[in-house]
Amino acid sequence: MTRVDALLKYPASVKSAIKLQEQFAHMVSLIPRKVPPTITGIDLSYSTQSLKNDISRAVAAAVTVRLPSLEPVETAIASGTIPFPYVPGCLGFREVPLAAAAIEKLDNDPCVILFDGHGIAHPRKFGAASHCGLALGIPSIGCAKSAFTTTQTCQIAMEQFASQPSWLRKQVVGHAIRMAEGVNPVFMSPGHLVDMASALQIMRCCSSGFRVPQPIRLAHEAAGREKKQLSSSPPRDWLDPLP
DNA sequence: GCGACAG
DNA sequence: ATCTTGTCGC
């Protein structure tokens with residue numbers, strides 16, 4: 001597993017973070033991929049109170065599900081302090097270090113990661129999903145609940161899996177897709193080591209009848225449950241691993 | 001210049 | 001993301 005440590009550290013400034021994104025965006029490769037035997041959903045849950053300016057405590061969850069059943073097979077959790085603020089366009093630097101810690105606790109390396117955020121549908125073609133995939137050398141797909149810098153040309157039909165291309169500077173960088181009939185669409189884009197067609201096909205395997213794909217739903221729930229546990233214990237317990 | 005801005 | 005119960009609608 002080829003790790004990129006520069007992407008797993010917290011940058012000293014937003015400027016340096018953006019510079020790293022511009023540099024590493026060139027290393028993202030979108031290649032065809034068959035539907036994998038498992039998908040690993042990633043999500044973070046944040047503590048109510050921040051420690052200082054934009055310093056917050058959070059829990060990251062990685063949940064691997066089997067296809068096509070979508071049954072969970074493994075869950076890993078990592079918690080800790082996050083010293084990088086939320087800056088639109090720099091989400092990867094805030095979430096990926098802790099997400100990676102959770103992923104590396106899994107007994108089995110993920111086949112494909114489904115990250116709660118954008119892939120290449122990003123101003124510098126390097127959203128959090130691309131960031132996570134490249135940092136760990138694992139195929140990744142981004143799935144966000146709202147568009148960021150992209151636009152849709154046409155309306156999206158109401159039926160399940162209806163989709164429309166997402167455009168960014170005359171380029172199709174992802175798709176808005178309805179994971180179930182009647183629900184609002186989500187916004188998917190390839191992250192790393194997965195091309196557009198493969199990402200769409202894999203996304204279609206992740207619907208459990210809700211708006212949010214099952215791997216991310218389970219990760220969201222797992223992170224939320226863990227946060228609830230930790231919120232009732234001393235702050236030091238949020239350090240992971242414990243001293 | 002102004003506003004908008006994944007989680 | 002997070003603070004939060006009941007409630008409107010299919």
Side-chain angles (χ1 to χ4, degrees), chain A residues 10-11 14 17-18 21 25 28 41-62 78-100 102 113-133 135 140-152 158-160 166-169 173-177 179-192 199 203 209-213 215-217 219-232 238:
Chain A
Y10 294 104
V14 173
I18 290 175
Q21 290 180 328
V28 168
I42 308 295
D43 192 34
L44 278 74
S45 183
Y46 291 86
S47 158
T48 301
Q49 73 282 16
S50 55
L51 272 43
K52 290 184 180 179
N53 317 312
D54 298 316
I55 309 292
S56 36
R57 296 183 300 186
V59 174
S79 58
T81 298
I82 296 186
F84 195 82
Y86 169 65
V87 178
C90 292
L91 181 66
F93 287 103
R94 177 166 167 78
E95 302 204 331
V96 170
L98 199 58
I113 284 168
L114 188 57
F115 201 100
D116 191 332
H118 288 106
I120 61 170
H122 175 277
R124 290 171 289 284
K125 310 282 284 289
F126 200 71
S130 299
H131 188 138
C132 190
S140 64
I141 297 169
C143 177
K145 293 175 291 298
S146 60
F148 187 22
T149 40
T150 62
T151 58
Q152 257 63 50
M158 289 299 273
E159 62 252 40
Q160 183 178 43
S166 299
W167 294 82
L168 171 65
R169 299 179 214 132
V173 293
H175 280 75
I177 175 175
M179 296 300 285
E181 182 175 348
V183 303
N184 290 322
V186 292
F187 301 81
M188 68 82 37
S189 56
H192 181 50
M203 278 291 284
F210 298 91
R211 183 198 182 199
V212 175
I216 289 180
R217 287 191 91 222
H220 188 81
E221 294 174 356
R225 280 195 302 271
E226 180 67 9
K227 186 191 66 176
K228 188 171 183 180
Q229 292 298 309
L230 294 181
S231 62
S232 62
W238 284 69

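Just so it is clear: chains get the letters A, B, ... in the order the sequence lines come, proteins before strands, and each one is counted from 1. We use all heavy atoms of the structure for the numbers below, so side chains are in, but hydrogens, waters and symmetry mates are not.
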note: A/F93, atom CZ; C/dA1, atom C1'; distance rounded to Å ~ 20 Å

Between NZ of A/K227 and C1' of C/dT4 the distance, given in whole Å, is 12 Å

task: Would you check if A/M203 and A/H175 make a side-chain contact, meaning some heavy-atom pair closer than 4.5 Å?
output: no

#### Entry: Phosphate OP1/OP2 of C/dT2: any A/S45 side-chain N/O under 4.0 Å
yes

- Query: So does A/S47 get a side-chain nitrogen or oxygen closer than 4.0 Å to the phosphate oxygens (OP1/OP2) of C/dT2?
  - Reply: no

A/L44 atom CG is separated from B/dG7 atom P, nearest whole Å, by 12 Å

Atom CZ of A/R217 and atom P of B/dG7 are separated, to the nearest Å, by 16 Å

Could you tell me if the side chain of A/L168 sits less than 4.5 Å from the side chain of A/K125, heavy atoms only? yes

What do you reckon, do A/Y86 and the base of B/dG7 stack, with centroid distance below 5.5 Å and planes below 30°? yes

(Q) Is the shortest side-chain heavy-atom distance between A/F115 and A/S130 below 4.5 Å? (A) no

Atom NE2 of A/H122 and atom C1' of B/dG7 are separated, to the nearest Å, by 12 Å

From NE2 of A/H220 across to P of B/dG7 the rounded distance in Å is 11 Å

A/F148 atom CZ is separated from B/dC5 atom P, nearest whole Å, by 10 Å

